[in-house]
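Below: the structure, in C-alpha cells.
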Amino acid sequence: MRDERTADEGTPGPVAGGRGRRGYGARRGCVPVRRARGRATAVAGCAVMALLCASVAARAASESPAGDSGRATGGWHGPVVTRPGQPEIDYPRGEVCPFPTHATFPVVDMVQKTWTNDAGDPVYAVISGPLVMKVTNEDTGKTVRRDLSGTGTLTYPEPGSDTHVLSGGDWGVGLHTTDRPVHNKWLISRGFMAVRITEGPHGTSRQLLALEGRYEDLCKTLAK
C-alpha cells in the first residue's frame with residue numbers, strides 16, 4: 001500500500017505512499033517508537049495509539065445500546081466498499097529524491113472499506129489487496145520493483161477536516177522537501193509506519209509519526 005498522496009495525486013494507496021499491511025492495531029500500551037537502525041527519527045507512537053484507541057472507542061459506542069431512552073445515539077455507518085486506483089507518480093528533481101523519479105503500478109487490486117459518522121464524514125477505513133510498484137531513477141534508468149501488498153488503516157482524528165493518518169506495514173511514502181520533521185526520503189516500511197497527511201490550500205503535507213522495524217529509503221537505493 002502506498003500513501004504517496006501529493007497535491008496532484010488522488011486517493012492514497014498503500015504507497016504513501018500506501019497502506020499498511022499486517023495487523024497494525026496489535027500494539028499494547030503507549031510506548032515510544034524505537035529508532036529504526038539507530039536513526040534519530042522523530043516519532044510519536046503514543047499519538048498513533050491514541051488515534052487508534054479513539055477509533056475503537058467510537059465504534060464501540062456506536063454498537064452499544066441507546067440507553068434508557070431507547071433512542072439511537074448515532075455512531076458509525078457502513079462500511080462502504082470501493083476499489084481505489086493508484087495513479088502513476090512523478091517526483092521532480094529535489095522534491096523527494098535528489099534526482100527525478102517515476103513510479104508505475106503494474107498490479108493494483110485494492111479494496112477499501114470505509115465507515116462514516118452521522119454527518120457522512122469518514123472516520124475509519126481499511127485498505128487491503130495486491131499492490132506492486134516499479135520506480136525508476138530517470139537520470140540513470142535504474143528501476144526497482146517493490147511489492148506493497150497487504151492491509152493498512154486510515155483514521156480521521158478530526159472527521160470533516162482534511163487530515164487523516166495512514167498506518168500499517170509494507171507501504172511507502174514520499175516525504176517532500178517541505179515536510180517536517182523528516183523530509184526528502186522515499187520510505188518503504190517492512191515493519192510499522194504511520195504518517196499524518198493534511199490537505200491544505202497550498203498542497204499536501206506529510207508528518208512521519210512512527211517508524212518501527214525494517215525499512216528502505218528508495219532515494220538511497222536508486223542512487224547506487
Side-chain angles (χ1 to χ4, degrees), residues 1-26 36 78-92 95-97 99-115 122 124-155 164-176 179 185-195 197 199 204 206 208 210-224:
M1 311 190 5
R2 31 173 174 39
D3 176 289
E4 306 225 319
R5 284 223 281 181
T6 69
D8 305 332
E9 294 164 358
T11 303
V15 183
R19 301 175 174 60
R21 326 248 181 247
R22 300 181 274 273
Y24 314 114
V80 174
V81 179
T82 56
R83 303 187 73 88
Q86 177 57 48
E88 295 183 0
I89 296 172
D90 285 291
Y91 289 143
E95 182 174 334
V96 172
C97 300
F99 41 83
T101 54
H102 176 70
T104 61
F105 298 87
V107 178
V108 181
D109 190 17
M110 297 178 293
V111 174
Q112 178 170 331
K113 297 180 180 179
T114 304
W115 287 261
Y124 185 78
V126 177
I127 306 170
S128 61
L131 181 69
V132 175
M133 176 175 69
K134 290 177 64 177
V135 186
T136 300
N137 176 337
E138 296 198 300
D139 277 352
T140 65
K142 180 174 181 178
T143 299
V144 297
R145 182 183 177 103
R146 295 293 180 266
D147 188 346
L148 303 176
S149 305
T151 302
T153 60
L154 284 165
T155 56
H164 65 273
V165 175
L166 178 57
S167 59
D170 294 331
W171 66 283
V173 61
L175 298 172
H176 298 225
D179 293 334
K185 295 180 183 295
W186 196 335
L187 299 176
I188 303 294
S189 169
R190 297 305 182 189
F192 176 83
M193 181 165 64
V195 176
I197 300 167
E199 306 287 345
T204 303
R206 291 145 291 266
L208 181 65
L211 180 61
E212 292 191 50
R214 295 189 302 114
Y215 69 92
E216 174 187 17
D217 183 353
L218 284 181
C219 292
K220 291 187 174 182
T221 299
L222 291 170
K224 296 177 181 177

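These numbers come from the heavy atoms of this one structure, side chains and all, not from hydrogens, waters or symmetry mates.
Put simply, the side chain of S149 gets close to the backbone of L131: a donor and an acceptor are under 3.5 Å apart. Side-chain N or O atoms of T136 include none that pairs as donor or acceptor with a backbone N or O of E138 at under 3.5 Å. W171 places a side-chain N or O within 3.5 Å of a backbone atom of M193 that can act as its donor or acceptor partner. Between the side chain of R206 and the main chain of T204, a donor-acceptor pair closer than 3.5 Å is present.
The minimum heavy-atom distance linking P122 with T114 is given by the pair CB-CG2, 3.9 Å. Contact between L222 and N137 at its shortest, heavy atoms only, is O-ND2, 3.2 Å. Taking all atoms of both residues into account, the shortest heavy-atom contact from V144 to R146 is CB-NH1, 3.7 Å. Summarising the geometry of A194 relative to V165, their closest heavy-atom pair is CB-CG1, 4.4 Å, with the distance given to 0.1 Å. Considering every non-hydrogen atom in both F99 and C219, the closest pair reads CZ-O, 3.4 Å.
With a 6.0 Å radius and a threshold of 12 heavy atoms from other residues, nucleotides or ligands, K113 has its NZ atom at or below the threshold.
Residues passing the side chain to side chain contact (heavy atoms under 4.5 Å, CB included) test with P92 are E95, sequence neighbours excluded. Applying the side chain to side chain contact (heavy atoms under 4.5 Å, CB included) rule to D109 yields the partners R83, P130; only residues at least two apart in sequence or on another chain are considered. Here K134 pairs with T104, P106, T143, R145 under the side chain to side chain contact (heavy atoms under 4.5 Å, CB included) rule; sequence neighbours left out.
With rounding to the nearest 0.5 Å, the separation of CZ in R190 from CD in E216 is 7.5 Å. With rounding to the nearest 0.5 angstrom, the CD atom of E212 is 9.0 Å from the OG atom of S189. Put simply, CD1 on I188 and CZ on R214 are 12.0 Å apart, with the number rounded to the nearest 0.5 Å.
K185 places none of its side-chain heavy atoms less than 4.5 Å from the side chain of L208. Contact annotation: the side chain of T221 never approaches that of V135 to less than 4.5 Å [non-hydrogen atoms, C-beta and beyond].
None of V173, V96, L175 except one satisfies the side-chain contact (heavy atoms from CB on, under 4.5 Å) rule with W186; the exception is V96.
Ring pair Y124/W115 is tilted by interplanar angle, where 30° to 60° counts as tilted.
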